[in-house]
Chemist: 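Encoded as structure tokens, here's the structure I'll be asking about.
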Amino acid sequence: MTVRTRFAPSPTGFLHIGGARTALFCHLHTRRVGGTFILRIEDTDRERSTQEAVDAILEGLHWLGLDPDEGPFFQSDNTDLYLAAAHRLLAEGKAYRCHCSRETLDALRTTQREQQIKPRYDGRCRTRVAQDGEPAADDQPFVIRFKTPTEGVTAWEDQIQGTIRFQNDELDDLVLVRSDGSPTYNLAVVVDDHAMGINLVIRGEDHISNTPRQIHLFQALGWEIPRYAHMPLLHGADGSKLSKRHGAVSVLQYREDGFLPSAVNNYLVRLGWSHGEQEIFSQAEMEQWFDVRDVGRSAAIFNLSKLQWVNGHHIRAAHPDQLLPDLLWQLARRGIHHPDPQLVRAIIPEFQPRAKTLVEMADKCLFFFVDSVLPYDDKAARKYFDPTPPAPFCALLSALAALPEWQVQPIEAAFQQTVAQYGLEVGQLAQPVRVALTGTASSPGIYETLHLLGREKSLHRLTEGANRLQNTPPAATPAEKS
RNA sequence: GUCCCCAUCGUCUAGCGGCCUAGGACGCCGGCCUCUCACGCCGGCAACACGGGUUCGAUUCCCGUUGGGGACGCCA
């Protein structure tokens with residue numbers, strides 16, 4: 001039988017990293033078994049659902065390469081279906097009308113909490129109906145409640161958690177239809193899971209307590225119960241469920257921050273799942289090996305530095321052309337709107353091993369694209385540049401200026417010659433040159449940097465550097481002071 | 001409070017009774033490489049929550065304790 005899974009977010013906010021992981025697990029599992037991955041937007045709460053959230057979720061999934069095979073479907077389009085199921089249950093005596101006011105229910109819960117027992121509906125309207133038939137007060141607002149079995153146990157073999165069982169008398173009669181006539185979550189889920197032929201539900205373990213209720217509904221409606229796999233939650237640094245308040249940001253924020261979707265997926269898949277001692281996975285490997293039944297049962301804490309490390313791997317493994325659009329976008333955000341695409345493409349390989357994110361890459365390569373001479377970093381200037389004697393620096397400048405061809409080999413030769421002439425180590429010349437070129441003490445190889453920066457910019461910056469060296473009085477000249 | 005779930009280095013994990021003086025990865029600390037920074041390589045620090053069982057033998061099985069998380073809505 002073909003596996004059909006669904007990812008069912010409610011559009012009340014962006015897609016955060018925890019939701020993305022749920023979607024990823026659904027997606028990967030269906031890929032491996034050749035199943036169908038369905039996206040269903042659970043917008044039965046019309047008050048809190050927004051179009052912006054729908055768009056953000058769609059965009060986030062798309063960025064991660066988790067586009068659904070079917071959907072998105074919207075529960076708001078299926079209201080009739082849900083209500084039909086509710087009325088069928090009502091007609092079959094498996095549900096009833098409850099006229100309790102919110103105030104009554106609030107008071108009930110308050111009392112129960114005070115008595116330190118689990119807050120739950122006590123079924124007072126269920127018994128009244130049993131005695132009196134349909135209550136007369138149909139003009140009064142009412143909700144439709146499900147008659148939850150009062151005895152026995154409900155259990156299922158969870159694909160991740162193993163056997164989970166609930167005592168039925170722990171559960172109360174849940175609301176199926178609100179007093180405004182709209183269906184609630186548990187009803188809609190069951191009707192849709194059935195209607196869409198969902199046979200494997202992969203979701204967060206915060207839904208475990210909904211599962212016995214949903215099983216009851218499947219049974220009452222006479223429908224086949226899907227298999228369930230409840231994934232352990234992803235926790236924030238404080239160890240509690242990821243929330244908007246604590247650490248949960250949109251997955252699209254990770255795009256902004258220079259992460260690759262393949263890296264985010266790779267990082268996420270290793271939270272609760274492993275394949276031998278392998279850490280780095282391609283999308284194809286994940287799709288080939290991931291099985292939801294291999295997922296562990298304990299929650300994981302989100303760890304940014306591991307994500308960064310994984311991202312670094314994916315940046316290094318990527319073809320430079322793949323990185324080009326993202327780097328151009330990052331440069332644009334830094335005010336570099338029309339860099340020479342050839343140059344950008346050419347420098348990428350130099351920065352792949354040097355950047356864990358594209359943000360870092362853009363920051364580090366910025367010196368290639370600005371026109372003005374960069375201000376020198378204080379520490380770099382003090383340590384490497386200012387102590388440099390002007391003579392070899394100027395000699396190198398002349399040698400470079402005289403180069404017939406601006407290529408790596410001749411540049412290196414000029415360096416070697418100057419270094420030999422003055423009896424220096426390469427670093428003694430390379431570092432001040434690096435500071436003059438980049439304003440910092442770190443960059444790709446100095447020959448490559450000179451070559452890629454180009455003759456004009458290089459000579460200009462070196463000339464400025466030479467001037468600075470020559471105009472700076474030697475460090476220890478107390479003469480001027482006294 | 002009640003119910004459900006979880007429990008190996010700081011973090012992610014391997015381990016499915018003896019192969020464990022507990023393996024890998026991130027991070028951290030040394031070192032090597034080296035024109036800098038990275039990458040890469042080598043090494044180090046670092047964990048089976050506790051108490052009972054079961055067993056010839058428990059990280060591994062069972063029970064309890066403690067700790068953590070989740071759920072208790074006319075939200076999803």
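None of the values given here were measured: they were computed from a predicted structure. Here is how names work: the chains are called A, B, and so on, in the same order as the sequence lines, proteins then strands, and each is numbered from 1.
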Chemist: Would you measure the distance from the C1' atom in B:rC61 across to the matching atom in B:rC48 and give it in whole Å?
Modeler: 15 Å
Chemist: Which nucleotide in the set B:rC74, B:rU11, B:rC35 lies at the smallest distance from any side-chain heavy atom of A:Ile301?
Modeler: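 So the side chain of A:Ile301 is nearest to B:rU11.
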Chemist: In whole Å, I'd like the distance from the CD1 atom of A:Ile117 to the C1' atom of B:rC3.
Modeler: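 Those two atoms, CD1 and C1', are 13 Å apart.
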Chemist: So does A:Arg102 get a side-chain nitrogen or oxygen closer than 4.0 Å to the phosphate oxygens (OP1/OP2) of B:rC74?
Modeler: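 A:Arg102 to B:rC74 OP1/OP2: no side-chain N or O under 4.0 Å.
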Chemist: Strictly by Watson-Crick or wobble contacts shorter than 3.5 Å, is anything paired with B:rG30, and which nucleotide is it?
Modeler: B:rC42
Chemist: For A:Val143, which contact category applies under a 4.0 Å heavy-atom criterion: base, sugar-phosphate, or nothing?
Modeler: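 Touches a base.
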Chemist: Considering only B:rC5, B:rC3, B:rA7, which nucleotide approaches the side chain of A:Lys118 most closely?
Modeler: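 Selected nucleotide (nearest to the side chain): B:rC3.
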Chemist: When the P atoms of B:rC26 and B:rU34 are considered, how many whole Å apart are they?
Modeler: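 That atom pair is separated by 23 Å.
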Chemist: With sequence neighbours excluded, tell me which residues meet salt bridge (Lys or Arg N to Asp or Glu O under 4.0 Å) with A:Arg334.
Modeler: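 A:Arg334 satisfies salt bridge (Lys or Arg N to Asp or Glu O under 4.0 Å) with A:Asp363 once adjacent residues are dropped.
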Chemist: Mind calculating the distance between CD1 (A:Ile17) and P (B:rC12) to the nearest angstrom?
Modeler: 15 Å
Chemist: Is the phosphate of B:rG68, meaning OP1 or OP2, less than 4.0 Å from a side-chain N or O of A:Lys241?
Modeler: no
Chemist: Considering every strand and a 4.0 Å limit on heavy-atom distances, what is the contact class for A:Ser443: base, sugar-phosphate, or nothing?
Modeler: base
Chemist: At under 4.0 Å between heavy atoms, what does A:Ala300 touch on the DNA or RNA strands: base, sugar-phosphate, or nothing?
Modeler: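 Sugar-phosphate: the residue A:Ala300, judged by heavy atoms under 4.0 Å, touches backbone atoms but no base.
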Chemist: For a quick check of understanding: with a heavy-atom distance under 4.0 Å over all strands, which category does A:Thr440 fall into, base, sugar-phosphate or nothing?
Modeler: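 Nothing, no heavy atom under 4.0 Å.
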Chemist: Please tell me which of the listed nucleotides, B:rU13, B:rG40, B:rC3, lies nearest to the side chain of A:His313?
Modeler: B:rG40
Chemist: Any strand counts, and the cut-off is 3.5 Å on both contacts for Watson-Crick or G-U wobble. Which nucleotide pairs with B:rA7?
Modeler: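 Paired with B:rU66.
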Chemist: Is there a donor in the side chain of A:Thr150 and an acceptor in the side chain of A:Asp169, or the other way round, less than 3.5 Å apart?
Modeler: no
Chemist: From CG of A:Leu108 over to C1' of B:rU2, roughly how many Å is that when rounded to an integer?
Modeler: 14 Å
Chemist: Whether A:Arg113 contacts B:rU2 is assessed here as follows: a side-chain N or O lying under 4.0 Å from the phosphate OP1 or OP2. Is that the case?
Modeler: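 It does not, given that no N or O in the side chain of A:Arg113 lies less than 4.0 Å from OP1 or OP2 of B:rU2.
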Chemist: On the 0 to 90° scale, with breaks at 30° and 60°, tag the A:His230-A:Tyr228 ring pair as parallel, tilted or perpendicular.
Modeler: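 Correct class here is parallel.
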Chemist: Please tell me which of the listed nucleotides, B:rC6, B:rA71, B:rC12, lies nearest to the side chain of A:Leu271?
Modeler: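 Among B:rC6, B:rA71, B:rC12, the one nearest the side chain of A:Leu271 is B:rC12.
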Chemist: With the criterion being N/O to N/O and under 3.5 Å, what pairs connect the protein with nucleotides 25-31 of chain B, and how long is each?
Modeler:
{"from": "B:rA25", "atom 1": "O4'", "to": "A:Glu279", "atom 2": "OE2", "distance (Å)": "3.3"}
{"from": "B:rC26", "atom 1": "OP1", "to": "A:Trp309", "atom 2": "NE1", "distance (Å)": "3.4"}
{"from": "B:rC26", "atom 1": "O2'", "to": "A:Lys306", "atom 2": "N", "distance (Å)": "3.3"}

Chemist: Judged by each residue's nearest nucleotide on RNA chain B, which is more toward the 5′ side, A:Gly239 or A:Asp172?
Modeler: A:Gly239
Chemist: Using a 4.0 Å heavy-atom cut-off, does A:Phe166 contact any base of the nucleic acid, only the sugar-phosphate backbone, or nothing at all?
Modeler: sugar-phosphate
Chemist: Let me confirm one number: the CZ-CD distance from A:Arg270 to A:Gln278, rounded to the nearest 0.5 Å.
Modeler: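 Answer rounded to 0.5 Å: 9.5 Å.
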Chemist: Of all the choices, B:rC6, B:rA38, B:rG70, which nucleotide is nearest to the side chain of A:Arg297 once you look at every atom?
Modeler: B:rC6
Chemist: If you look at every strand shown and take non-hydrogen atoms under 4.0 Å, does A:Arg213 touch a base, only sugar-phosphate, or nothing?
Modeler: nothing
Chemist: Within the 4.0 Å heavy-atom criterion, would you say A:His235 contacts the bases, only the backbone, or no part of the nucleic acid?
Modeler: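 A:His235: backbone/sugar contact only, no base atoms under 4.0 Å.
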Chemist: Whether the A:Asn311 and A:His314 side chains hold a donor-acceptor pair (N or O, under 3.5 Å, no angle test) is what I'd like checked.
Modeler: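 Their side chains do not contain a donor-acceptor pair, so the 3.5 Å distance test is not met.
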Chemist: Going by the side chain to side chain contact (heavy atoms under 4.5 Å, CB included) test, name the single residue among A:Leu174, A:Leu171, A:Asp172 that passes it with A:Tyr121.
Modeler: A:Asp172
Chemist: Provide the distance between the two C1' atoms, one in B:rG64 and one in B:rA14, to the nearest whole Å.
Modeler: 28 Å
Chemist: Please give the nucleotide sitting opposite B:rC48 as a Watson-Crick or G-U wobble pair, both distances under 3.5 Å, or none.
Modeler: none
Chemist: Roughly how many Å is it from CZ in A:Phe302 to P in B:rG10, rounded to a whole number?
Modeler: 20 Å
Chemist: What nucleotide among B:rA76, B:rU36, B:rG70 has an atom nearest to a side-chain atom of A:Asp206?
Modeler: B:rG70
Chemist: Please report, rounded to the nearest Å, how far the P atom of B:rG73 is from the CG atom of A:Asp45.
Modeler: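 Atom-to-atom, A:Asp45 to B:rG73, this comes out as 16 Å.
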Chemist: Quick check against the 3.5 Å criterion: does A:Glu285 have a side-chain atom that pairs as donor or acceptor with the backbone of A:Ser282?
Modeler: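 It does hold such a pair.
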Chemist: Tell me what A:Pro9 touches on the nucleic acid: a base, only sugar-phosphate, or nothing, going by heavy atoms under 4.0 Å.
Modeler: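 The answer is nothing, as A:Pro9 stays clear of every strand by at least 4.0 Å.
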Chemist: With both distances kept under 3.5 Å, what pairs with B:rU2, Watson-Crick or G-U wobble?
Modeler: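 Paired with B:rA71.
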Chemist: Taking a pair as Watson-Crick or G-U wobble with both distances under 3.5 Å, which nucleotide is matched to B:rC37?
Modeler: none
Chemist: Nearest to the side chain of A:Arg316, heavy atoms from C-beta on, is which of B:rC35, B:rC6, B:rC39?
Modeler: B:rC39
Chemist: Name the residue closer to the 5' end of RNA chain B, choosing between A:Gln115 and A:Lys364 according to the nucleotide with the nearest heavy atom.
Modeler: A:Gln115
Chemist: Is it true that A:Tyr82 and A:His87 have ring centroids separated by less than 6.0 Å?
Modeler: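 Judged by ring-centre distance (under 6.0 Å), A:Tyr82 and A:His87 do not meet the cut-off.
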Chemist: Measure from the side-chain heavy atoms of A:Ser179 and tell me the nearest of B:rG70, B:rA76, B:rC74.
Modeler: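 For A:Ser179, the side-chain atoms sit closest to B:rC74.
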Chemist: Can you check whether A:Tyr384 and A:Tyr376 have ring centres sitting under 6.0 Å from each other?
Modeler: no
Chemist: Could you tell me how far apart A:Leu15 (CG) and B:rA76 (P) are, to the nearest whole angstrom?
Modeler: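 Distance check: A:Leu15 CG to B:rA76 P gives 19 Å.
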Chemist: Say we look at B:rA58 and B:rG18: how far apart would their C1' atoms be, to the nearest angstrom?
Modeler: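 Between the two C1' atoms, the distance is 9 Å.
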Chemist: Take the protein atom CD1 of A:Ile446 and the nucleotide atom C1' of B:rU34, then report the distance between them rounded to whole Å.
Modeler: 14 Å
Chemist: Regarding A:Asp180, tell me which of base, sugar-phosphate or nothing describes its non-hydrogen contacts under 4.0 Å with the strands shown.
Modeler: nothing
Chemist: Could you check whether A:Gln283 and A:Ser262, counting side-chain N and O atoms only, form a donor-acceptor pair closer than 3.5 Å?
Modeler: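 Distance-only check fails for A:Ser262 and A:Gln283.
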Chemist: Can you check the distance between B:rU59 and B:rU21, where both ends of the measurement are the P atom (answer in whole Å)?
Modeler: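 The same atom, P, in both gives a distance of 10 Å.
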Chemist: Could you check how far CG of A:Leu234 sits from C1' of B:rG70, rounded to whole Å?
Modeler: 14 Å
Chemist: Could you tell me how far B:rG24 sits from B:rA7 if I compare only their P atoms? Round to whole Å.
Modeler: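 Those two atoms are separated by 23 Å.
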Chemist: When the P atoms of B:rC12 and B:rG44 are considered, how many whole Å apart are they?
Modeler: 24 Å
Chemist: Establish, from distance only, whether the side-chain atoms of A:Arg434 and A:Gln431 form a donor-acceptor pair under 3.5 Å.
Modeler: yes
Chemist: In terms of side-chain heavy atoms of A:Ser10, which of B:rA38, B:rA76, B:rC12 is nearest?
Modeler: B:rA76
Chemist: Quote, to the nearest angstrom, the P distance that separates B:rC39 from B:rC19.
Modeler: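 Straight-line distance between the two P atoms is 37 Å.
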Chemist: Where the side chain of A:Glu448 is defined as all heavy atoms beyond and including C-beta, which of B:rA76, B:rC35, B:rG40 is the nearest nucleotide?
Modeler: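 The closest nucleotide is B:rC35.
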Chemist: Answer yes when A:Lys364 and A:Glu360 have at least one side-chain N-carboxylate O distance shorter than 4.0 Å, and no when they do not.
Modeler: yes
Chemist: For B:rC74 and A:Arg109 - does any side-chain N or O of the residue sit under 4.0 Å from the phosphate oxygens OP1/OP2?
Modeler: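 Indeed, a polar side-chain atom of A:Arg109 lies that close.
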